[in-house]
Amino acid sequence: MTGEPEDPGSRPIPGVPVAGWRRRWADRARALGGAARSRTRRFWTGAQPTLRQLWWTEEPATPVTTVDRRFPEPLVVPAQGQVYVFLVRVTFTWSSETARPELFGWYVDYFQPQATQRLHRLAVRCSVEVPPHRPRELHTALSAALAEDDPPPWTYARGEVTFTCEPDVTVHLDERVRRLLQPYWEQRIALECERDLARRRTEYARERDRRDPARPGSPGGKPDGAPGRSTQGPGPARRGPPPDASVEQFTPLEPLLPPPAPRPAPGQRPRPHPPDHPSPPAP
């Protein structure tokens with residue numbers, strides 16, 4: 001007794017054999033169910049690779065770095081003596097991987113005053129001991145301070161958003177100091193040009209003296225009366241073959257004398273000799 005109403009169709013009908021049509025249909029249904037399960041199992045096993053390719057998978061988002069450069073107004077810092085100033089021009093390079101592009105500019109505008117104040121404080125500390133006409137010294141000192149005391153990149157964060165900032169600085173003169181230094185630099189440039197011109201003239205003169213032989217009174221030769229050079233003109237020519245001449249060449253050591261003139265017969269007058277040849281001695 002289970003308390004549930006019995007199915008009147010499950011009871012055997014009087015007059016119908018037990019191995020009737022119900023048993024046949026039950027066996028038939030059992031066989032069809034087993035065949036369907038095996039076919040479904042084979043279909044599912046074969047469809048697994050295709051279904052894995054069709055499954056939706058979310059790939060990890062690739063971080064995108066957004067970069068922006070800002071050029072604020074020059075920073076005015078006092079020079080030595082507190083009379084003149086230096087102009088420090090800076091370029092801020094901002095970058096972030098967590099900020100959305102549409103909010104990137106807002107974050108930069110929010111963080112840039114902090115970076116400007118940070119750089120201004122460092123520049124004032126370096127400039128108070130530098131004369132106003134030496135901007136290179138301030139640039140060197142400021143670069144060293146950035147590298148040692150407060151090395152970039154500077155990091156700023158707000159919530160889950162992180163920004164990095166890299167400053168690039170240059171130092172310029174005060175306009176009043178520039179006007180004072182302009183005559184000095186004009187004179188210095190003129191003197192350097194004159195010195196370079198004189199040096200080039202000397203080099204060209206030396207090169208010309210190397211190409212041409214030295215002559216008395218020439219710029220490359222020695223003046224008259226200088227030691228080591230005769231004032232009577234060039235000396236005798238060098239005798240003998242030159243150093244690079246071959247052995248077969250022949251150069252006489254003494255010049256050849258002219259042949260003796262024939263003696264006149266007794267009673268004849270001697271022939272006059274040309275002026276360029278001396279008269280033979282009398283016998």
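Just so you know, residue 1 is the first one in the sequence shown, and it goes up from there. Keep in mind the model is a prediction, meaning the values are calculated, not measured.
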Are side-chain heavy atoms of Q82 and V128 found at a separation under 4.5 Å? yes
Determine whether more than 12 heavy atoms belonging to other residues, nucleotides or ligands lie under 6.0 Å from atom CD of E192. yes
Enter the distance from R30:CZ to L32:CG here, rounded to the nearest 0.5 Å. 11.0 Å
With rounding to the nearest 0.5 Å, note down the distance linking CG in D212 to CD in E207. 10.5 Å
E102 CD: over 12 foreign heavy atoms closer than 6.0 Å: yes
Counting only heavy atoms not in R118 (residues, nucleotides, ligands), do more than 12 fall under 6.0 Å from its CZ? yes
Can you check whether D109 reaches R70 side chain to side chain, under 4.5 Å on heavy atoms? yes
Do you know the tightest heavy-atom contact between F86 and S127? CD1-CB, 4.3 Å
Give, for atom CG of L181 and atom CD of E186, the distance between the pair rounded to the nearest 0.5 Å. 11.0 Å
Side-chain heavy-atom pair L146, L119 within 4.5 angstrom cut-off: yes
Nearest non-hydrogen partners of V85 and P78, listed with the distance: CG1-CA, 4.2 Å
Return the minimal non-hydrogen interatomic distance between T170 and H139, and the atom names on each side. CA-CD2, 4.0 Å
Please determine whether the number of non-hydrogen atoms from other residues, nucleotides or ligands lying under 6.0 Å from atom CD of E97 exceeds 12. yes
Could you report the tightest heavy-atom contact between R125 and A145, atom names first, then the distance? NH2-CB, 4.3 Å
Are V77 and L87 linked, directly or through other ILVMFWY residues, by side chains that come within less than 4.5 angstrom of each other? no
Heavy-atom neighbours of R176 CZ exceed 12 at 6.0 Å: yes
d(R201 CZ, L197 CG) to nearest 0.5 Å is 4.0 Å
Give the cluster check for L103 versus Y156: same hydrophobic cluster or not, with ILVMFWY residues linked at side-chain heavy-atom distances below 4.5 Å. yes
Worked check of side-chain contact (heavy atoms from CB on, under 4.5 Å) between W154 and F111: CA-CA 11 Å; W154 299 337; F111 291 127; over 6 Å; no
Straight-line distance of D68 CG to Y107 OH, nearest 0.5 Å: 15.5 Å
Common cluster, V67/F104, ILVMFWY with side-chain heavy-atom separation under 4.5 Å: no
Can you list the steps and then say if H133 with L180 is a side-chain contact (heavy atoms from CB on, under 4.5 Å)? CA-CA 10 Å; H133 62 284; L180 292 175; over 6 Å; no
T116 and F92, any side-chain heavy atoms less than 4.5 Å apart: yes
Steps toward salt bridge (Lys or Arg N to Asp or Glu O under 4.0 Å) verdict (R178, E175): CA-CA 5 Å; R178 186 186 301 275; E175 189 62 30; 3.7 Å; yes
Looking at every heavy atom in both P49 and T45, which two are closest together, and how far apart are they? CD-O, 3.9 Å
Y84/L173 under side-chain contact (heavy atoms from CB on, under 4.5 Å): CA gap, chis, key distance, verdict: CA-CA 9 Å; Y84 298 102; L173 284 173; over 6 Å; no
Between S96 and T162, is there a donor-acceptor pair closer than 3.5 Å when you use the side chain of the first and the backbone of the second? yes
Side-chain donor or acceptor of S38 paired with backbone N/O of A35 under 3.5 Å: yes
Start with the C-alpha distance between R200 and D196, add both sets of side-chain angles, then the distance that settles salt bridge (Lys or Arg N to Asp or Glu O under 4.0 Å), and finish with yes or no. CA-CA 6 Å; R200 290 180 180 273; D196 184 67; 3.0 Å; yes
Could you give the distance from CZ (R121) to SG (C126), rounded to the nearest 0.5 Å? 12.5 Å
Testing the basics here: between W44 and L51, what is the closest heavy-atom pair and its distance to 0.1 Å? CZ3-CD1, 3.8 Å
If you define the side chain from C-beta out and look only at heavy atoms, does anything of Q112 sit under 4.5 Å from P72? yes
Checking R158 against Y110: is there a side-chain donor and acceptor pair closer than 3.5 Å? yes
Does R199, at its CZ atom, have more than 12 non-hydrogen atoms belonging to other residues, nucleotides or ligands within less than 6.0 Å? yes
In terms of hydrophobic clustering (I, L, V, M, F, W, Y; side-chain heavy atoms under 4.5 Å; direct or indirect links), are F163 and W106 co-clustered? yes
Might you confirm whether atom CD of E129 has over 12 heavy atoms from other residues, nucleotides or ligands at distances under 6.0 Å? no
CA sep, side-chain torsions, deciding dist, call: I189, C193, side-chain contact (heavy atoms from CB on, under 4.5 Å): CA-CA 6 Å; I189 292 173; C193 292; 4.2 Å; yes
